[in-house]
2 protein chains.
Amino acid sequence: MHSFTEENYLKAIYKLQETNGEVVATSALAQVMEVHAPSVTDMLKRMAGKKLVTYQKSKGVKLTERGRQVAVGIIRNHRLWEVFLVDKLGYKWDEVHDLAEQLEHIHTEDLTNKLDKFLGFPKADPHGDPIPDANGVLPKSKAVLLSTLKVGEEGMFTGVTDHTPAFLNYLDKAGISLGNNIKVKAIEEFDQTYTLQIKSNKEIIISNKVANGILVN
Amino acid sequence: MHSFTEENYLKAIYKLQETNGEVVATSALAQVMEVHAPSVTDMLKRMAGKKLVTYQKSKGVKLTERGRQVAVGIIRNHRLWEVFLVDKLGYKWDEVHDLAEQLEHIHTEDLTNKLDKFLGFPKADPHGDPIPDANGVLPKSKAVLLSTLKVGEEGMFTGVTDHTPAFLNYLDKAGISLGNNIKVKAIEEFDQTYTLQIKSNKEIIISNKVANGILVN
DNA sequence: AAATTAAATTAGATTAGCCTAATTTTACTT
DNA sequence: AAGTAAAATTAGGCTAATCTAATTTAATTT
């Protein structure tokens with residue numbers, strides 16, 4: 001139906017629209033897709049021809065409704081495959097991204113829905129990212145960065161903003177796992193470090209960088 | 001590593017070598033790959049450059065050892081994914097081929113082996129085709145065509161030579177399933193039809209065409 | 001062995017997706 | 001408002017994988 005490349009552009013545009021606002025710049029896309037700007041311009045023209053995006057020369061791109069549907073479908077598929085890889089095949093959460101990047105492009109509606117059922121209709125992937133439902137609806141999360149909590153406040157660790165293996169590994173080593181309750185015991189003004197209490201027992205100190213990678217509810 | 005296209009050529013060459021002898025002709029490949037002959041010539045040159053095949057102008061192709069390893073790896077992966085689709089996701093045996101054609105190209109050694117383990121190290125795919133082991137060894141089958149049996153002889157239904165959905169559906173409808181014991185009760189000389197006894201109870205009549213699609217052991 | 005037919009190759013194009021270099025458009029300063 | 005910097009586009013090329021038309025090589029028939 002659509003090439004892997006087109007699907008990757010759609011996904012990238014979708015994510016940029018989510019985080020950086022409605023209209024996406026050529027340069028931003030070029031950076032995310034790791035190609036040079038003229039390649040993006042080329043591709044956007046082709047995709048506009050297929051009604052996947054609306055593109056105005058030098059004015060950036062937006063997804064059409066159809067483009068959004070495809071993008072969300074890919075994301076749904078990606079996250080379901082991640083659950084499969086972790087829950088069924090025994091991969092660790094920091095190992096699945098690249099494989100899921102490939103598997104996500106193998107999707108018929110039927111396959112995705114059967115996989116969803118097989119996995120028990122999971123609501124989030126191994127990193128806590130919500131899985132869109134079969135209609136392309138993505139539940140709005142009201143999770144906030146751990147770094148926005150004040151001393152004494154607490155929340156449940158429900159997701160990460162940093163998906164790099166390095167960060168995920170750090171969390172493993174620090175003993176911070178999805179679902180844990182995290183309470184901010186202290187914030188050191190001097191160097192912006194946080195003292196946390198995890199699961200009402202152990203206490204640890206993390207940097208601001210780490211606190212910015214953790215989402216709590 | 002290798003493109004999907006290269007992998008498909010390797011698989012096609014492998015299968016043609018198995019059935020039609022050591023050396024594969026350009027025209028045979030063109031037919032299987034559903035492309036025109038000059039495309040094959042082109043591709044063979046590229047693949048010879050990568051040491052995946054040995055190719056002599058106008059003399060046909062053979063796989064190199066490396067080419068064979070890759071081809072068998074793809075077949076292993078294809079068959080494991082078919083088992084997954086049928087056993088885990090609930091697909092029927094006539095529905096999985098096209099999906100597995102895509103999934104087969106997503107393969108790291110690790111993924112394939114984890115999938116193998118998850119599926120319980122199956123020895124055959126849903127059509128009875130043997131699954132190569134992790135070292136690329138494919139068990140030699142001594143199955144024979146049902147059409148070669150004489151009256152009174154019997155065997156266990158262990159595979160098909162015709163993988164089309166139409167044929168597989170016919171077998172479903174006729175109540176002939178993998179693993180069934182099949183005994184030839186009679187062969188009608190006039191029109192080459194076979195009267196079979198399935199699982200020591202029901203008796204059915206099949207055509208020669210069907211008898212040529214069934215492998216027994 | 002010559003002639004014919006069939007198979008394979010070469011030559012020259014096409015498309016998707018990418019590139020670099022040059023140019024144009026937009027945005028930002030002063 | 002003019003000048004500069006940054007962003008985007010056009011122009012022209014490249015590669016993988018395909019095509020058609022023309023040619024060459026191999027196989028088969030007389």
Side-chain angles (χ1 to χ4, degrees), chain A residues 1-14 16-17 19-63 67 70-71 74 101-102 104-106, chain B residues 1-14 16-17 19-63 67 70-71 74 101-102 104-106:
Chain A
M1 202 58 162
H2 308 106
S3 69
F4 283 24
T5 307
E6 278 172 345
E7 292 185 351
N8 285 331
Y9 271 91
L10 288 173
K11 207 175 34 147
I13 296 167
Y14 177 87
L16 286 167
Q17 280 193 291
T19 53
N20 296 18
E22 179 122 33
V23 174
V24 174
T26 301
S27 53
L29 253 178
Q31 203 194 330
V32 171
M33 294 298 297
E34 297 183 281
V35 297
H36 290 224
S39 311
V40 173
T41 303
D42 256 32
M43 192 62 184
L44 293 182
K45 283 180 189 167
R46 277 193 294 272
M47 287 171 65
K50 296 184 182 179
K51 303 276 155 80
L52 293 168
V53 298
T54 55
Y55 165 67
Q56 283 187 10
K57 182 169 153 157
S58 294
K59 295 265 159 62
V61 255
K62 286 191 242 184
L63 293 179
V70 175
I74 305 289
E101 284 284 293
Q102 300 199 240
E104 71 188 4
H105 301 295
I106 291 163
Chain B
M1 201 56 162
H2 308 105
S3 70
F4 283 25
T5 306
E6 277 171 347
E7 292 185 351
N8 286 331
Y9 271 91
L10 288 173
K11 206 174 35 145
I13 296 167
Y14 178 86
L16 287 167
Q17 279 192 292
T19 54
N20 297 19
E22 179 124 32
V23 174
V24 174
T26 302
S27 54
L29 253 178
Q31 204 194 329
V32 171
M33 292 299 295
E34 297 183 281
V35 298
H36 291 226
S39 311
V40 173
T41 302
D42 256 33
M43 192 62 185
L44 293 181
K45 284 181 190 166
R46 277 193 294 271
M47 286 171 65
K50 296 183 181 178
K51 302 275 156 80
L52 293 168
V53 298
T54 55
Y55 165 66
Q56 284 188 10
K57 179 167 155 163
S58 294
K59 295 264 160 61
V61 255
K62 286 191 241 186
L63 293 180
V70 175
I74 304 290
E101 285 285 292
Q102 300 198 241
E104 71 188 4
H105 301 295
I106 290 161

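Every chain is numbered from 1, with letters handed out A, B, ... down the list of sequences. Below, each value reflects all heavy atoms present in this structure, side chains not excepted, and no hydrogens, waters or symmetry copies.
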Could you tell me the separation between the [atom1] atom of [X] and the [atom2] atom of [N], rounded to a whole number of Å?
X     : N      : atom1 : atom2 : value
B:Q31 : C:dA8  : CD    : P     : 12 Å
B:E6  : D:dA16 : CD    : P     : 9 Å
A:D42 : C:dC19 : CG    : C1'   : 10 Å
B:Q56 : D:dA26 : CD    : P     : 11 Å
A:H2  : C:dG17 : NE2   : C1'   : 17 Å
B:L29 : C:dA7  : CG    : P     : 15 Å
A:M43 : D:dT9  : CE    : P     : 15 Å
A:K45 : D:dT10 : NZ    : P     : 4 Å

Does [N] have its OP1 or OP2 closer than 4.0 Å to a side-chain nitrogen or oxygen of [X]?
X     : N      : result
A:R46 : C:dG17 : yes
A:K59 : D:dA7  : no
B:T41 : C:dT9  : yes
B:H36 : D:dT18 : no
B:Y9  : D:dA16 : no
B:S39 : D:dC19 : yes
A:S58 : C:dT24 : no
B:S27 : C:dA6  : no
B:Y55 : C:dT9  : yes

Is any side-chain heavy atom of [X] closer than 4.5 Å to a side-chain heavy atom of [Y]?
X     : Y     : answer
B:M47 : B:L63 : no
A:K57 : A:T41 : no
B:M43 : B:M33 : no
A:E6  : A:V70 : no

| query | Where the side chain of B:T26 is concerned, which of C:dG17, C:dA8, C:dC18 is the nearest nucleotide? | reply | C:dA8
| query | Of the nucleotides C:dA7, D:dT10, D:dA7, which one has an atom closest to the side chain of A:P38? | reply |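 Closest nucleotide among those given: D:dT10.
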| field | Residue mapping more 5' on DNA chain C - nearest nucleotide basis, A:V35 or B:K57 | value |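 That would be B:K57.
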| Hey, what's the ring geometry for B:F4 with A:F4, parallel, tilted or perpendicular (30° and 60° as the breaks)? |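 Rings of B:F4 and A:F4: perpendicular, over 60°.
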